[in-house]
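A quick note: this is a predicted structure, and the numbers were derived from the prediction, not measured. Numbers for residues simply follow the sequence, beginning at 1.
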Amino acid sequence: KLGLSALLAYGFVSNVSGVVAVSSAWFIFSKRTGLSPLHPGQKAAFFTMYAGFTLALNVIRPARFALSMAISPTFDKIRKGIQVRLGVGPKTAATLMIIFI
């Protein structure tokens, strides 16, 4: 029933998780080394730190999935609202959600 909205919700949760992981790894790396990960010779060390955050995201994947399912009804309401207001189909409404949310 919430297939498309569940997919959109999972994409949202996944993207937010990814942004938090990159931002956290960047902040901690910069704080510890005093350098940007973009500074020459620092990418390998940064990617090692980021790999730890990626591992943590994989460990909490069931919780991310559960959160996605919990917010799917909200995404469904938003998608249906876009459909009604703009007079578009579900796929177009989903595409607009991907672009703007």
Original post:
With sequence neighbours left out, which residue pairs that include part of residues 23-47 fulfil the salt bridge (charged side-chain N to carboxylate O under 4.0 Å, His left out) condition?
Top reply: none
Original post:
Pairs in or reaching into residues 69-86: which pass salt bridge (charged side-chain N to carboxylate O under 4.0 Å, His left out), with residues at least two apart or in two chains?
Top reply: Asp76-Arg79, Asp76-Lys80
Original post:
What pairs meet the ring pair (Phe, Tyr, Trp, His ring centres under 6.0 Å) rule with one or both residues in residues 76-101, with sequence neighbours excluded?
Top reply: none
**OP:** Quick one: which residue pairs count as a ring pair (Phe, Tyr, Trp, His ring centres under 6.0 Å) with a foot in residues 54-86, not counting sequence neighbours?
**Re:** Phe12-Phe75
Subject >> Shared hydrophobic cluster for Val13 and Val19 (ILVMFWY, side-chain gaps under 4.5 Å) >> reply: no
**OP:** Indicate, with yes or no, if Ile71 and Met69 share a hydrophobic cluster defined by side-chain heavy-atom contacts under 4.5 Å among Ile, Leu, Val, Met, Phe, Trp and Tyr.
**Re:** no
Subject >> Close side-chain approach of Ser5 to Pro73, heavy-atom, < 4.5 Å >> reply: no
Who pairs with [X] by side-chain contact (heavy atoms from CB on, under 4.5 Å), at least two apart in sequence or on another chain?
X	answer
Thr33	Phe29, Leu35
Ser36	Trp26, Leu38
Ile78	Thr74, Ile82, Met97, Ile101

Would you tabulate the side-chain donor-acceptor contacts of residues 56-63 under 3.5 Å, counting partners in other chains and residues two or more places apart, or write 'none'?
| residue | atom | partner | partner atom | Å |
| --- | --- | --- | --- | --- |
| Asn58 | OD1 | Arg61 | NH2 | 2.3 |
| Asn58 | ND2 | Thr54 | O | 3.4 |
| Arg61 | NH1 | Tyr10 | OH | 3.2 |

Please list every donor-acceptor pair under 3.5 Å in which a side-chain atom of residues 46-53 meets a protein atom from a residue at least two apart or in another chain.
| residue | atom | partner | partner atom | Å |
| --- | --- | --- | --- | --- |
| Thr48 | OG1 | Ala44 | O | 2.9 |

Original post:
Would a distance-only check, ignoring hydrogens and angles, find a side-chain to backbone donor-acceptor pair under 3.5 Å from Ser68 to Arg64?
Top reply: yes
